[in-house]
Amino acid sequence: MKGFTLAVAALATAALSVPAVAPAAPKPAQQNKQAAKQADRASAKLTQAVTVAGILRHERALANIAERNGGTRASGTPGFDRSKDYVAGQLQNAGYTVNVQPFEFPFFQELAPSTFERTAPTPRTYTEEDFATMEFSGSGDVTGNVVPVDVVLPPGAEPSSNTSGCEAADFTGFPAGAVALVQRGTCTFGEKAANAEAAGASAVLIFNEGQPGRTEALSGTLGDPVGIPVLGTSFDVGNELAALAADGDVTVHVTTSTLSETRTTYNVIADAPTGRTDHTVVVGSHLDSVLAGPGINDDGSGSSQDLEIALKYAKAVKNPRNHVRFIFFGAEEQGLLGSAHYVASLSQDETDQIMAMLDFDMMASPNFARFVYDGDG
């Protein structure tokens with residue numbers, strides 16, 4: 001309750017505040033007091049209008065959409081498309097000018113659980129605590145000898161103190177068809193995997209580096225699709241395989257079943273009918289979930305709050321000085337792709353018109369926090 005009350009108050013204040021223009025003549029004290037009182041009244045009215053019950057109505061709608069569409073609202077799935085239609089329809093009916101902005105993004109899905117086992121010298125079946133499938137891993141059923149590539153054992157004292165697999169030269173003489181064992185550090189997982197694939201590896205095992213906090217099973221994204229299986233493993237697994245390989249042949253069996261393709265998803269952009277568009281306040285949240293679930297807290301709660309604020313805003317806030325734009329982003333779970341696409345679509349003049357950005361994520365969390373991002377780095 002407290003978290004969304006603060007969010008509503010922040011929006012009302014931003015919508016009614018005097019635009020920052022320079023140079024600006026000092027405002028008379030009486031005029032400033034009147035503006036402050038107007039903002040306080042509008043903030044109180046909007047806060048009273050936006051209720052938990054209203055927010056929950058949208059959360060239930062999104063949960064129902066997920067239930068009817070495979071339990072997910074991830075971008076690139078029917079669940080997200082239905083979520084987009086629901087939000088856009090509500091906003092259009094409330095009088096907003098709605099722009100549904102399409103964009104393409106790389107879609108990845110693990111179709112079946114991966115398997116990982118050592119078949120020689122001593123058989124061992126690894127569990128989900130030992131490894132994870134890297135996002136954008138290729139599919140395959142591979143058996144091959146493990147070949148360590150420029151690994152550093154014991155690990156250096158500092159994180160990212162090795163360059164295992166970061167350069168094509170690391171794979172000089174690499175036997176085609178072998179399974180590359182590389183270590184986390186310095187360059188991206190995608191660069192390591194791409195270098196291994198180019199060298200003829202049949203699969204890649206990327207193990208955690210080994211410093212405190214960098215020992216558990218490694219999971220992450222390759223950034224772009226690769227054509228061979230890529231697993232992340234714990235430091236212990238990688239360390240053991242490297243030690244065994246130093247004494248002789250080590251054979252592993254890896255299976256992955258994945259889907260990587262380009263799909264289309266959307267941002268929903270809704271502009272209020274009033275306020276100075278050269279002083280625009282953007283209110284944002286991401287509408288998509290992860291594939292594994294419906295995402296009703298992350299970030300159905302933020303999207304539901306923003307939608308309810310939008311529906312109540314026009315009635316509660318009269319004659320706002322500034323313009324308000326609500327944006328519901330897609331493909332944020334894939335790496336903030338929707339917001340990046342929106343920003344890239346703006347001209348410099350359009351960017352300059354934005355005076356503030358209010359972003360709301362996971363508003364149903366009991367341990368909420370407020371953050372201010374340093375926009376200029």
Side-chain angles (χ1 to χ4, degrees), residues 108-153 162 164-185 187-210 215-261:
F108 173 81
Q109 184 175 8
E110 193 170 3
L111 301 176
S114 297
T115 65
F116 176 33
E117 60 182 335
R118 186 178 71 227
T119 58
T122 304
R124 176 184 175 185
T125 299
Y126 297 103
T127 69
E128 61 182 13
E129 294 182 354
D130 300 315
F131 75 98
T133 309
M134 284 284 180
E135 188 178 31
F136 297 114
S137 164
S139 292
D141 186 333
V142 171
T143 300
N145 289 338
V146 174
V147 176
V149 178
D150 198 26
V151 300
V152 178
L153 296 170
N162 76 81
S164 172
C166 289
E167 300 175 358
D170 293 343
F171 294 87
T172 300
F174 186 87
V179 175
L181 177 67
V182 299
Q183 191 173 6
R184 178 185 186 181
C187 64
T188 67
F189 302 143
E191 290 172 303
K192 296 174 188 287
N195 286 334
E197 184 177 18
S202 59
V204 187
L205 306 175
I206 305 176
F207 70 101
N208 217 336
E209 195 172 8
T215 58
E216 70 281 355
L218 196 59
S219 62
T221 181
L222 304 176
D224 292 296
V226 300
I228 58 177
V230 183
L231 302 181
T233 82
S234 67
F235 172 76
D236 286 345
V237 168
N239 187 43
E240 180 186 52
L241 290 174
L244 291 171
D247 293 333
D249 288 345
V250 179
T251 305
V252 295
H253 178 220
V254 174
T255 68
T256 54
S257 179
T258 64
L259 172 66
S260 294
E261 62 186 15

Is there a donor-acceptor pair under 3.5 Å between the side chain of [X] and the backbone N or O of [Y]?
{"X": "Asp130", "Y": "Thr127", "answer": "yes"}
{"X": "Lys192", "Y": "Leu205", "answer": "no"}
{"X": "Ser260", "Y": "Phe108", "answer": "no"}

Exercise. Verify side chain to side chain donor-acceptor pair (under 3.5 Å) between Thr133 and Ser114, making sure each step is shown before the conclusion.
Key: CA-CA 7 Å; Thr133 309; Ser114 297; 2.6 Å; yes

Residues two or more places apart in sequence or in another chain: which of them pass salt bridge (Lys or Arg N to Asp or Glu O under 4.0 Å) with [X]?
{"X": "Glu135", "answer": "none"}
{"X": "Glu128", "answer": "none"}
{"X": "Glu240", "answer": "Arg118, Arg124"}

Calculate, to the nearest 0.5 Å, the distance between atoms [atom1] and [atom2] belonging to [X] and [Y] respectively.
{"X": "Gln109", "Y": "Leu259", "atom1": "CD", "atom2": "CG", "answer": "6.0 Å"}
{"X": "Asn162", "Y": "Glu209", "atom1": "CG", "atom2": "CD", "answer": "5.0 Å"}
{"X": "Thr215", "Y": "Arg184", "atom1": "OG1", "atom2": "CZ", "answer": "10.0 Å"}
{"X": "Asn239", "Y": "Gln183", "atom1": "CG", "atom2": "CD", "answer": "8.5 Å"}

Exercise. For residues His253 and Val142, determine if any side-chain heavy atom of one lies less than 4.5 Å from a side-chain heavy atom of the other.
Key: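 They are not in contact (no side-chain heavy atoms under 4.5 Å apart), so the answer is no.
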
Quiz item: With side chains defined as the heavy atoms from C-beta onward, is the minimum distance between Leu218 and Phe189 less than 4.5 Å?
Solution: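 Yes, at least one pair of side-chain atoms sits under 4.5 Å.
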
Quiz item: Is it the case that more than 12 heavy atoms not belonging to Glu261 sit under 6.0 Å from its CD atom?
Solution: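 Check passes, neighbour count above 12.
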
Tell me every residue that passes side-chain contact (heavy atoms from CB on, under 4.5 Å) with [X], counting only those two or more places apart in sequence or in another chain.
{"X": "Ala112", "answer": "Ser257"}
{"X": "Asp170", "answer": "Val149, Asp150, Glu167"}
{"X": "Ala178", "answer": "Val147, Phe174, Pro175"}
{"X": "Thr115", "answer": "Thr255"}

Quiz item: How would you list all residue pairs meeting side chain to side chain donor-acceptor pair (under 3.5 Å) that involve residues 172-181, not counting sequence neighbours?
Solution: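 Listed by first then second residue: nothing to list.
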
For residues 225-235, which side-chain donor-acceptor pairs fall under 3.5 Å, sequence neighbours excluded?
unit_1	atom_1	unit_2	atom_2	d
Ser234	OG	Val237	N	3.2

Exercise. Could you please spell out the steps behind the side chain to side chain contact (heavy atoms under 4.5 Å, CB included) verdict for Phe207 and Asp236?
Key: CA-CA 8 Å; Phe207 70 101; Asp236 286 345; over 6 Å; no

Self-check item: For Asp224, side-chain hydrogen bond (donor to acceptor under 3.5 Å, both in side chains) partners two or more places apart
Solution: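 Asp224 satisfies side-chain hydrogen bond (donor to acceptor under 3.5 Å, both in side chains) with no other residue.
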
Quiz prompt | side-chain hydrogen bond (donor to acceptor under 3.5 Å, both in side chains) partners for Asn195, two or more places apart | solution =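 For Asn195 there are no side-chain hydrogen bond (donor to acceptor under 3.5 Å, both in side chains) partners, ignoring immediate neighbours.
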
Exercise. Quick one: do Ser202 and Val179 satisfy side chain to side chain contact (heavy atoms under 4.5 Å, CB included)? Show the steps, please.
Key: CA-CA 6 Å; Ser202 59; Val179 175; 3.8 Å; yes

Quiz prompt | Partners passing ring pair (Phe, Tyr, Trp, His ring centres under 6.0 Å) against Phe116 (at least two apart in sequence or in another chain) | solution =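 Counting only residues at least two positions away or on another chain, Phe116 forms a ring pair (Phe, Tyr, Trp, His ring centres under 6.0 Å) with Tyr126, Phe131.
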
Quiz item: Of all heavy-atom pairs between Ala242 and Pro148, which one has the smallest distance, and what is that distance?
Solution: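 In this case the closest contact between Ala242 and Pro148 is CA-CG, 4.2 Å.
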
Quiz item: What pair of heavy atoms forms the shortest contact from Val146 to Val252, and how long is it?
Solution: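 Closest pair (atom of Val146, atom of Val252, distance): CG2-CG1, 3.6 Å.
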
Quiz item: Do Thr258 and Ser139 pass the side chain to side chain donor-acceptor pair (under 3.5 Å) test, and can you show the C-alpha distance, the side-chain angles, and the key distance before you say yes or no?
Solution: CA-CA 5 Å; Thr258 64; Ser139 292; 3.2 Å; yes

